[in-house]
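Structure first, commentary second.
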Amino acid sequence: MTTPSPASTSHMPATMVAIVVALLLAAALAGAWGFQILGDMAPCPLCLLQRWPYYLGIPLALVIAVAAHRQVPREVIFAGFVVLGLVLLWSTGLGIYHAGIEYKFWPGPTDCAAAPLPRLGAGDLLSAMRTTRVVSCDEAPWTLAGISLAGFNALISAALATAVAMAAVRIRTMSR
């Protein structure tokens with residue numbers, strides 16, 4: 001039985017961290033889509049904006065995992081973790097901002113009520129008005145223990161940003 005070389009074992013934690021981050025981001029995004037599709041909770045504009053860091057973070061984490069597994073230079077993996085950490089901090093900030101709006105800590109954007117209706121005829125406009133749901137950014141459609149989905153996004157993103165920062169520090173200190 002062969003034992004892994006020191007170079008390959010130093011990349012294994014980075015690979016695992018990146019895979020776990022990608023999986024947790026995918027699970028959180030699947031949860032958001034589940035609330036939308038299965039729970040019939042239409043997302044507000046800020047809810048949709050909060051998904052963008054996930055759309056960027058999942059493939060980035062997978063690229064980092066592949067790079068670490070293929071034992072690319074540590075500096076490249078470190079840089080990937082820094083970028084991923086910034087994406088997760090962006091997500092944390094969006095979650096805090098949106099949760100603060102929901103908890104009435106500060107006002108939300110004035111255009112965060114509903115998407116504009118397309119140009120319609122008078123009969124179509126009345127029909128569209130009856131079927132269109134206005135989703136406001138300042139109302140939490142669901143909470144658990146007083147924490148809204150935006151609040152959970154902030155907590156999840158902050159925890160993952162911390163894990164990514166710890167992995168980046170470990171990569172950085174190993175390269176010296």
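L25 and M166 are members of different hydrophobic clusters when ILVMFWY side chains are connected at heavy-atom separations under 4.5 Å. A single hydrophobic cluster is seen to contain both Y55 and L88, as judged by linkage of ILVMFWY side chains at heavy-atom distances under 4.5 Å, directly or through other members. Grouping the Ile, Leu, Val, Met, Phe, Trp and Tyr side chains by contacts below 4.5 angstrom, directly or via other members, places F78 apart from V63. Using a 4.5 Å cut-off between side-chain heavy atoms of Ile, Leu, Val, Met, Phe, Trp and Tyr, with links allowed through other members, L86 and Y97 fall into the same hydrophobic cluster. V66 and F81 are members of different hydrophobic clusters when ILVMFWY side chains are connected at heavy-atom separations under 4.5 Å.
Contact record, I156 with A28: CD1-CB, 4.4 Å, taken as the closest heavy-atom pair. Closest non-hydrogen pair, T92 versus A158, comes out as OG1-N, 3.1 Å. Of all non-hydrogen atoms in A14 and I171, the two that sit nearest each other are CB-CD1, 3.7 Å. Of all heavy-atom pairs between A61 and V21, the closest is CB-CG1, 4.3 Å. Pairing each heavy atom of P53 with each of S91, the nearest pair is CB-CB, 3.5 Å. The two residues N153 and G95 have their closest heavy-atom pair at ND2-CA, 3.6 Å.
Atoms NE2 and SG, from H98 and C44 in turn, are 3.5 Å apart once rounded to the nearest 0.5 Å. With rounding to the nearest 0.5 Å, the separation of CD1 in I77 from CG in L84 is 13.0 Å. Atoms SG and CG, on C137 and L46 in that order, are 4.0 Å from each other to the nearest 0.5 Å. Of the inter-residue distances, the one linking L23 atom CG with I58 atom CD1 reads 9.5 Å to the nearest 0.5 angstrom. Here the SG atom belonging to C47 is positioned 6.0 Å from the CD atom belonging to Q50, to the nearest 0.5 angstrom. One distance of note links CZ of R172 with CZ of R74; it measures 12.0 Å at 0.5 Å rounding.
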| request: Under the side chain to side chain contact (heavy atoms under 4.5 Å, CB included) rule, what do Y54 and V87 come out as? Steps first, then yes or no, please. | output: CA-CA 8 Å; Y54 288 76; V87 168; over 6 Å; no
| request: Carefully, step by step, assess M16 and H69 under the rule side chain to side chain contact (heavy atoms under 4.5 Å, CB included). | output: CA-CA 9 Å; M16 291 307 298; H69 181 72; over 6 Å; no
| Yes or no on side chain to side chain contact (heavy atoms under 4.5 Å, CB included) for E102 and D138, after CA distance, side-chain angles and deciding distance? | CA-CA 4 Å; E102 291 173 335; D138 65 353; 5.9 Å; no
| said: Set out, in order, the CA-CA distance, both residues' side-chain angles and the distance that settles side chain to side chain contact (heavy atoms under 4.5 Å, CB included) for W90 and L56, then state yes or no. | reply: CA-CA 11 Å; W90 172 39; L56 295 173; 3.7 Å; yes
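Between the side chain of T173 and the backbone N or O of R170, at least one donor-acceptor pair lies under 3.5 Å.
With contacts defined as side-chain heavy-atom distances shorter than 4.5 Å, the pair P109/I101 qualifies. A 4.5 Å side-chain heavy-atom check between D40 and F35 finds every atom pair outside the cut-off.
Ring orientation note: the planes of Y103 and F105 are tilted relative to one another, at an angle of 30° to 60°.
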